[in-house]
Amino acid sequence: MITQKELKGLVSYNPISGELTWLERSKKQINDDHQRSAWNSKHKDKVAGGSLCSSGYKRIVLLNRCYRQHRIIWLYVNGEEPVSVDHINHDKTDNRITNLRSANHVINSHNMPKSKANKSGVVGVHWCQTKIKWCAEIKCKGKKISLGYFLSFFEAVCARKSANIKYKFHENHGK
């Protein structure tokens, strides 16, 4: 992994836009004057990286290694490599530091967007045809927990919302 010092010698970070910008290369970084001049005229002060990987995150190549930008930005700002970085608003391309938080896998899974396959409009609530009732459930630490069956959609949603609070799911979970 690149260090914070190496990173700050290559790019600058704008916390308002969430973008990385290439810095001017020094003689130490590119010894050849012609190559250095060409690199600086082409890249200096331009947005760094920005291509998307298959999972939808922005990526950047630094020192011949590909990184996800949100992880690099966390390192740039906080000086440490995170276990995992959560995009609070679920936008994988929004790398403003105010939208990023360090999280382990469990915490990150407590802030997931609603699945496109969701039919009820509420995560963890679905119609159970065999019981002819609304079912509410929650998945926590890899285990599915039944919250019960309800005659009304409203009761099922209330049960799920209460479970979100009990199990400390993020307020954006399911949005």
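Positions are given from 1 along the sequence.
- Geometrically, Lys133 does not engage Phe150 in a cation-pi contact defined by less than 6.0 Å to the ring centre and at most 45° from the axis.
- Expressed to the nearest 0.5 Å, how far CG of Asp32 lies from OG of Ser37 amounts to 10.0 Å.
- Remark: Trp127 engages Trp134 in a ring-ring contact (aromatic ring centres under 6.0 Å, His included) (not counting sequence neighbours).
- Partner of Gln4 under the side chain to side chain contact (heavy atoms under 4.5 Å, CB included) criterion, out of Lys8, Met1, Glu6: Lys8 alone.
- Just one residue in the list Val77, Val85, Leu10, Leu20 forms a side chain to side chain contact (heavy atoms under 4.5 Å, CB included) with Ile72, and that residue is Leu20.
- Taking 4.5 Å as the limit, some side-chain heavy atom of Ile145 sits within range of a side-chain heavy atom of Cys140.
- For the atom pair CD1 of Ile60 and OG of Ser51, the computed distance is 9.0 Å after rounding to the nearest 0.5 Å.
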Taking only distance into account, with no hydrogens and no angle test, what donor-acceptor pairs under 3.5 Å do side-chain atoms of residues 159-168 form with protein atoms, sequence neighbours excluded?
from, atom 1, to, atom 2, distance (Å)
Arg160, NE, Asn164, OD1, 2.8
Arg160, NH1, Glu137, O, 2.8
Arg160, NH2, Asn164, OD1, 3.2
Arg160, NH2, His173, NE2, 3.3
Ser162, OG, Cys158, O, 3.0

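- Looking at heavy atoms from C-beta onward, Ile88 lies out of side-chain contact with Leu100 at the 4.5 angstrom threshold.
- Taking a 6.0 Å sphere around CG of Asn31, one finds it holds 12 or fewer heavy atoms contributed by other residues, nucleotides or ligands.
- The main-chain N or O of Arg101 is never found under 3.5 Å from a side-chain atom of Asp86 such that the two would form a donor-acceptor pair.
- Under the side chain to side chain donor-acceptor pair (under 3.5 Å) criterion, Gln35 pairs with no residue, sequence neighbours left out.
- Scanning for salt bridge (Lys or Arg N to Asp or Glu O under 4.0 Å) contacts around Glu19 gives an empty result, with sequence neighbours left out.
- Residues satisfying the ring-ring contact (aromatic ring centres under 6.0 Å, His included) test with Tyr57, not counting sequence neighbours, are His70, His87.
- One distance of note links SG of Cys135 with CG of Leu147; it measures 8.0 Å at 0.5 Å rounding.
- Partners of Arg68 under the salt bridge (Lys or Arg N to Asp or Glu O under 4.0 Å) rule, at least two apart in sequence or in another chain, do not exist in this structure.
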